Novice: 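This structure is in structure tokens; I'll ask about it shortly.
The structure displayed is predicted, hence computed values, not measured ones.
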Amino acid sequence: VMKYSDKVKASKNVLNAIQSLKDEQSIVVSYGTDREGQPNYYKINAYKSYNGEMRYSIHKDSPLSFDGMNIEKVGRTTMKAYTYDMMSQRTTYVFPLYSMHVINTK
């Protein structure tokens, strides 16, 4: 079991990469694996909202994927994401930053 301080340390690279994004920039991270055991890649996009705050979204990094989630909050060790389905059901997911690895920045 990871201690909180270890999670904070392990999250730092991804957290710094996200926080350094400017409007319309993105990074690609790996997180988890697919059914074949290959890494899953996700693209985290940054954009400036109407009030000047930076907002983020996360999508599968694949040309065939349209499903993405908005990021509600980026914390020291986790990133809370949400989306609504076509029936307006809200789904949330908490991404552990300490389990993500920065692949590249765009």
Side-chain angles (χ1 to χ4, degrees):
V1 181
M2 268 180 121
K3 291 199 310 250
Y4 180 72
S5 57
D6 296 331
K7 290 179 180 179
V8 170
K9 245 180 261 167
S11 301
K12 227 169 191 31
N13 277 350
V14 174
L15 186 57
N16 289 344
I18 292 169
Q19 290 174 335
S20 68
L21 290 173
K22 308 265 187 290
D23 192 26
E24 296 193 23
Q25 289 184 329
S26 62
I27 60 170
V28 175
V29 296
S30 66
Y31 170 66
T33 53
D34 64 16
R35 289 185 199 97
E36 283 81 49
Q38 297 302 310
N40 284 321
Y41 296 103
Y42 294 88
K43 190 180 206 178
I44 299 173
N45 301 300
Y47 54 95
K48 215 172 230 148
S49 69
Y50 62 92
N51 63 3
E53 281 180 31
M54 289 308 287
R55 297 272 179 213
Y56 307 97
S57 64
I58 185 166
H59 298 263
K60 267 260 170 95
D61 190 34
S62 121
L64 302 174
S65 175
F66 296 102
D67 51 332
M69 298 184 91
N70 293 306
I71 305 300
E72 183 177 319
K73 183 176 189 296
V74 180
R76 291 176 72 189
T77 61
T78 60
M79 188 166 65
K80 193 171 181 185
Y82 68 93
T83 189
Y84 290 94
D85 68 15
M86 59 190 236
M87 305 308 287
S88 299
Q89 288 293 96
R90 184 178 160 108
T91 303
T92 59
Y93 186 82
V94 177
F95 289 93
L97 297 176
Y98 48 87
S99 298
M100 291 183 159
H101 302 282
V102 178
I103 304 302
N104 65 31
T105 54
K106 290 181 180 166

Novice: Is there a path of hydrophobic side-chain contacts, each under 4.5 Å between heavy atoms of I/L/V/M/F/W/Y residues, joining Val102 to Ile71?
Specialist: yes
Novice: Linking directly or through intermediates, with side-chain heavy atoms under 4.5 Å: list the remaining ILVMFWY members grouped with Tyr84, chain and number order.
Specialist: Tyr82
Novice: Just by modelled atom types, is the Tyr56 backbone N or O under 3.5 Å from a matching donor or acceptor in the Asn45 side chain?
Specialist: no
Novice: For residues 75-103, pull every pair meeting salt bridge (charged side-chain N to carboxylate O under 4.0 Å, His left out), keeping only residues two or more places apart or in separate chains.
Specialist: Glu72-Arg90
Novice: So which atom in Ser49 and which in Arg55 form the shortest heavy-atom distance, rounded to 0.1 Å?
Specialist: CB-CG, 3.6 Å
Novice: Measuring from atom CG of Asn13 to atom NE2 of His101, what distance do you get when rounded to the nearest 0.5 angstrom?
Specialist: 9.5 Å
Novice: Just how far is it from atom CG of Asn70 to atom NE2 of His59, taken to the nearest 0.5 Å?
Specialist: 7.5 Å
Novice: Between Met69 and Leu21, is there shared hydrophobic-cluster membership here, with clusters defined by ILVMFWY side-chain heavy atoms closer than 4.5 Å?
Specialist: yes
Novice: Can you name the closest pair of heavy atoms from Ala17 and Ile27 and give their distance?
Specialist: CB-CD1, 3.9 Å
Novice: Between Tyr42 and Tyr31, what is the ring plane arrangement, given parallel below 30°, perpendicular above 60°, and tilted in between?
Specialist: tilted
Novice: Measuring from atom OH of Tyr93 to atom CD1 of Ile58, what distance do you get when rounded to the nearest 0.5 angstrom?
Specialist: 9.5 Å
Novice: Carefully, step by step, assess Met54 and Lys48 under the rule side chain to side chain contact (heavy atoms under 4.5 Å, CB included).
Specialist: CA-CA 5 Å; Met54 289 308 287; Lys48 215 172 230 148; 4.1 Å; yes
Novice: With sequence neighbours left out, write down each residue that passes side chain to side chain contact (heavy atoms under 4.5 Å, CB included) with Leu15, or none if nothing qualifies.
Specialist: Gln19, Val74, Leu97
Novice: What's the shortest heavy-atom distance between Lys43 and Ser26, and which atoms?
Specialist: CE-OG, 3.3 Å
Novice: Can you tell which of Val14, Val94, Ile18 makes a side-chain contact (heavy atoms from CB on, under 4.5 Å) with Met79?
Specialist: Ile18
Novice: Kindly give the heavy-atom pair with the smallest separation between Ser11 and Tyr98, and that separation in Å.
Specialist: OG-N, 3.2 Å
Novice: Checking the side chain of Asp61 only, and the main-chain atoms of Tyr41 only, is there a donor and an acceptor separated by less than 3.5 Å?
Specialist: no
